[in-house]
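All remarks here apply to the structure that follows.
In this text the structure is predicted, and so the values were computed from the model without any measurement. Each residue takes its place number in the sequence, starting with 1.
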Amino acid sequence: MDSRDTVELSWDEFDELRDPRPAESDFDRVVERAMSRRGFLGSVLAFGSGAAVFGSGLMSSTTAARAETGGFKFTPIGISTDFDVHVPEGYQWKPLVKWGQALFSEAEGAYSPETGVPTAMSDKVFGENTDGMETFEADGHVLLAINSEYVNPKINLPADSEGMPKNAEEVMLLKNMQGVTVLEIAAQDGAWEVVADSPYNRRITHETQMVMDGPAAGSELVKTNADPEGMNPKGTMNNCGSGKTLWGTYLTCEENFNGYFGATGEMPEGEGYGRYGIGGEGRYAYEKFDARYDLTQEPNEPHRHGFVTEINPADPESTPVKHTALGRFKHENAEMVQAADGRIVVYMGDDERGEFMYRYVSNGTWAEGQPTDGLLSDGTLYVAKFNDDQTGEWLALTPETTGMPIEEILVFSRMAGSKVGATTMDRPEWIAANPLKAEAYCALTNNKNRGLKPNAGGDETPVGGPNPREANNYGQIVRWQPEGGDHGADAFAWDLFVMAGNPEAAEGAYKGSENVTAGNMFNSPDGMAFSSDGMLWIQTDGDDSNEGEFAGMGNNQMLVGNPETGEIARFLTAPNGAEVTGLTWSPDGKTAFVGIQHPGGSWPDGAGKPRSAVIQVWREDGDVIG
């Protein structure tokens with residue numbers, strides 16, 4: 001393939017190009033299975049109303065009525081199709097930090113609307129394409145840890161590079177614009193501002209030294225020429241979603257790491273390369289200028305990425321830790337909760353069509369003030385199986401259940417999940433746990449291959465369970481309650497909180513569930529987070545063409561859902577071309593920080609290059625927003 005074309009693709013499209021799987025031929029069989037349980041699809045739609053199992057109350061017919069009864073503190077807004085951000089009446093917004101903004105005085109003025117950022121300053125400014133983020137406090141200082149998922153080479157590189165690096169210096173520029181930013185913010189004149197030169201300010205990039213722990217650390221699978229011990233990987237990449245530990249550290253999640261590797265010579269053999277979408281040519285041509293990304297020279301380097309990495313924002317001298325015990329796949333985010341007996345539980349999704357949803361449970365227990373050693377390195381990885389009768393179970397991935405050594409289970413978690421018969425999902429993205437009750441939600445963003453093609457490992461993707469629509473371009477949100485209200489339990493009950501859809505332009509199940517109307521419709525739920533009042537904030541990364549099956553949906557958006565009633569209302573709309581991703585709050589709950597990734601036009605400056613940014617949103621009356 002021509003690598004100059006691949007940078008224009010979404011990561012989902014890149015994977016499809018890398019692995020064009022044959023269509024499922026026995027279509028009638030999967031449809032029959034979906035309908036075999038006495039009208040199963042209709043049953044799931046009823047549960048999706050939010051009123052049948054876990055919630056209470058019935059849906060009203062208009063968005064305005066929902067605002068009055070759903071517990072929302074705002075008047076829902078309509079769609080937008082322009083290149084700006086819109087919030088409800090009585091709310092305001094402004095940028096907090098933009099791509100290229102200086103974190104240190106020496107980088108002040110380094111960003112140019114015409115040329116971007118020079119390589120020499122690229123690790124001293126805020127990175128591009130913001131994603132997951134969390135808020136922290138350290139000795140009275142307010143800190144944000146923020147992911148920069150990927151780069152747009154045509155925006156970052158000189159015009160004569162034509163969107164692809166032509167030397168090692170340009171590769172370094174791209175490396176430095178990704179990773180994680182830790183920065184301090186302070187309230188100034190009623191809004192928040194970045195504190196330049198704060199001792200907490202830090203960039204963590206593809207070049208930052210890491211350490212690795214857990215059962216796969218030091219194994220033959222992760223040893224390289226540069227690191228023969230297999231314990232000291234370098235860099236974190238494609239940092240998508242995030243998480244926050246109960247003890248106050250940051251979890252950054254490595255997602256589409258596969259696209260950073262290629263082979264300048266012979267491609268190594270191994271089932272794991274194909275299952276993870278690793279091929280002979282990388283998305284950014286790193287392999288041409290850096291041996292670490294050349295599979296011909298370092299065939300194990302990809303095995304050192306695709307993990308959850310822990311960072312301590314309060315200690316700028318600390319070394320990030322890659323936790324192999326949490327498995328290797330395309331991590332979206334990591335949602336940490338606690339089992340009834342004190343064990344640590346982490347929920348995780350693998351964001352690729354037909355892949356799985358995971359849970360990690362520690363062997364050790366934890367309470368406030370106790371040591372955290374081993375909590376994320378000594379435990380069991382599980383994968384989810386959803387049954388059509390709306391029950392489910394977590395299947396342990398162990399040598400006994402998979403027939404694989406533990407280090408292979410953790411490095412090739414996808415293959416382990418296939419061996420135990422996990423449920424193939426419609427791209428499981430962010431998982432969010434309700435702070436007020438024992439339940440969790442996962443955004444299943446979409447899956448155009450549902451019922452039509454197998455996943456990359458050849459597992460069938462039948463219609464049914466929490467994935468009830470074939471060729472699903474709208475997505476849904478599944479939620480589950482663990483047995484006995486204990487996140488450590490292996491059994492759970494599930495329903496669909498919402499099935500996104502278009503009640504104006506689609507037919508049948510594609511109209512969406514009962515709580516989707518012309519006034520709140522959306523597609524491709526992606527990011528999610530709960531505010532302290534138990535409301536579910538939903539962010540979208542979908543088709544914003546406003547045409548065809550997406551007519552009337554407008555730009556990507558952020559909505560708020562009421563778990564008790566199932567009601568959903570639109571709170572924010574993004575500039576055209578952008579997705580809304582990443583959400584956290586100020587310590588006092590009066591400001592929401594929201595990520596705007598890959599905007600179109602010239603947002604937010606009004607001229608020059610479009611700049612991804614984190615914005616701050618607040619109520620004009622100074623009340624709590626989340």
Side-chain angles (χ1 to χ4, degrees), residues 11 97 103 123 126-136 138 143-151 175-183 200-214 233-260 304-316 318-336 344 346-351 358 360 372 375-377 429-432 526-529 539 581-584 593 595 597 612 614:
W11 286 100
V97 61
L103 303 176
D123 62 348
F126 184 62
E128 199 194 4
N129 285 325
T130 174
D131 207 301
M133 68 182 97
E134 304 289 343
T135 306
F136 300 87
L143 313 177
L144 293 181
I146 307 170
N147 290 344
S148 288
E149 184 180 9
Y150 69 102
V151 287
K175 289 180 184 178
N176 285 344
M177 297 310 299
Q178 303 172 72
V180 178
T181 301
V182 178
L183 55 84
Y200 295 102
N201 290 357
R202 181 184 186 190
R203 287 298 316 285
I204 299 167
T205 72
H206 294 181
E207 293 296 296
T208 303
Q209 188 61 59
M210 312 267 159
V211 296
M212 182 178 282
D213 74 1
K234 183 185 287 187
T236 182
M237 61 187 61
N238 208 264
N239 303 83
C240 187
S242 61
K244 188 174 185 178
T245 67
L246 299 178
W247 46 91
T249 55
Y250 185 62
L251 299 177
T252 185
C253 300
E254 300 170 357
E255 190 187 21
N256 292 294
F257 65 92
N258 60 302
Y260 293 84
R304 295 147 65 89
H305 305 280
F307 292 107
V308 174
T309 298
E310 184 178 9
I311 298 167
N312 184 358
D315 182 3
S318 61
T319 301
V321 181
K322 293 199 175 195
H323 293 299
T324 67
L326 275 64
R328 174 176 167 268
F329 43 89
K330 292 185 178 181
H331 286 274
E332 184 70 17
N333 79 314
E335 182 75 339
M336 182 178 288
I344 296 299
V346 185
Y347 290 118
M348 302 166 286
D350 183 354
D351 181 12
Y358 296 83
Y360 166 84
T372 61
L375 291 177
L376 294 180
S377 60
E429 300 222 35
W430 285 73
I431 296 176
D526 185 336
M528 293 194 304
Q539 301 173 316
T581 181
L583 173 64
T584 188
F593 302 110
Q597 189 185 101
S612 57
V614 174

Q. His323 and Tyr360: aromatic ring centres closer than 6.0 Å?
A. no

Spacing of [atom1] belonging to [X] relative to [atom2] belonging to [Y], to within rounding of 0.5 Å:
X      : Y      : atom1 : atom2 : result
Asp123 : Thr181 : CG    : OG1   : 10.5 Å
Phe136 : Asn312 : CZ    : CG    : 8.5 Å
Asn129 : Ser148 : CG    : OG    : 7.5 Å
Ile431 : Met348 : CD1   : CE    : 8.0 Å
Leu376 : Leu251 : CG    : CG    : 6.5 Å
Thr324 : Arg304 : OG1   : CZ    : 12.0 Å

Please name the pair of heavy atoms, one in [X] and one in [Y], separated by the smallest distance, quoted to 0.1 Å.
X      : Y      : result
Gly248 : Pro313 : O-CD, 4.4 Å
Ala138 : Ala314 : CB-CB, 3.8 Å
Thr130 : Ser612 : N-OG, 3.9 Å

Short question: side chain of [X], backbone of [Y] - any donor-acceptor pair under 3.5 Å?
X      : Y      : value
Asn239 : Val180 : no
Thr205 : Asn176 : no
Ser242 : Met133 : yes
Arg328 : His305 : yes
Glu207 : Lys175 : no
Lys322 : Gly235 : yes
Asn238 : Phe257 : no
Arg203 : Thr208 : no
Glu254 : Gly306 : yes

Q: Could you go through the ring pair (Phe, Tyr, Trp, His ring centres under 6.0 Å) check for Tyr358 and Tyr347 one step at a time?
A: CA-CA 6 Å; Tyr358 296 83; Tyr347 290 118; over 10 Å; no

Heavy-atom distance under 4.5 Å between the side chains of [X] and [Y], does that happen here?
X      : Y      : value
Gln539 : Asp526 : no
Arg202 : Leu103 : no
Ile146 : Leu183 : yes
Met212 : Val321 : no
Leu583 : Phe593 : no
Val308 : Glu310 : no
Glu335 : Val346 : no

Q. Stepwise, does the side-chain contact (heavy atoms from CB on, under 4.5 Å) test hold for Asn258 with Lys330?
A. CA-CA 9 Å; Asn258 60 302; Lys330 292 185 178 181; 3.2 Å; yes

Q | Residues forming a side chain to side chain contact (heavy atoms under 4.5 Å, CB included) with Asp131, sequence neighbours excluded | A | Asn147, Glu149, Cys240, Trp430, Thr581, Gln597

**Q.** Pairing residues for Thr319 by the side chain to side chain contact (heavy atoms under 4.5 Å, CB included) criterion, not counting sequence neighbours
**A.**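 For Thr319 the side chain to side chain contact (heavy atoms under 4.5 Å, CB included) partners, ignoring immediate neighbours, are Val211.
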
Q) Which is it for Thr236 and Phe307 under the side-chain contact (heavy atoms from CB on, under 4.5 Å) test, yes or no, and what are the steps along the way? A) CA-CA 9 Å; Thr236 182; Phe307 292 107; over 6 Å; no

Q: Please say whether the positively charged group of Lys244, taken as NZ for Lys or CZ for Arg, lies over the ring of Tyr250, i.e. under 6.0 angstrom from the six-membered ring centre and within 45 degrees of the axis.
A: no

Q) Can Tyr150 and Asn256 be counted as having a side-chain donor-acceptor contact under 3.5 angstrom? A) no

(Q) Looking only at the side chains, is there a donor atom on one of Thr135 and Thr584 sitting less than 3.5 Å from an acceptor on the other? (A)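 Yes, Thr584 and Thr135 have a side-chain donor paired with an acceptor closer than 3.5 Å.
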
Q: Tell me, with the steps shown, if His206 and Lys234 meet side-chain hydrogen bond (donor to acceptor under 3.5 Å, both in side chains).
A: CA-CA 7 Å; His206 294 181; Lys234 183 185 287 187; over 6 Å; no

Q. Step by step, would you call Met336 with Ile344 a side-chain contact (heavy atoms from CB on, under 4.5 Å)?
A. CA-CA 7 Å; Met336 182 178 288; Ile344 296 299; 3.8 Å; yes

Q: Step by step, work out the side-chain contact (heavy atoms from CB on, under 4.5 Å) result for Thr252 and Ile311.
A: CA-CA 8 Å; Thr252 185; Ile311 298 167; 3.9 Å; yes

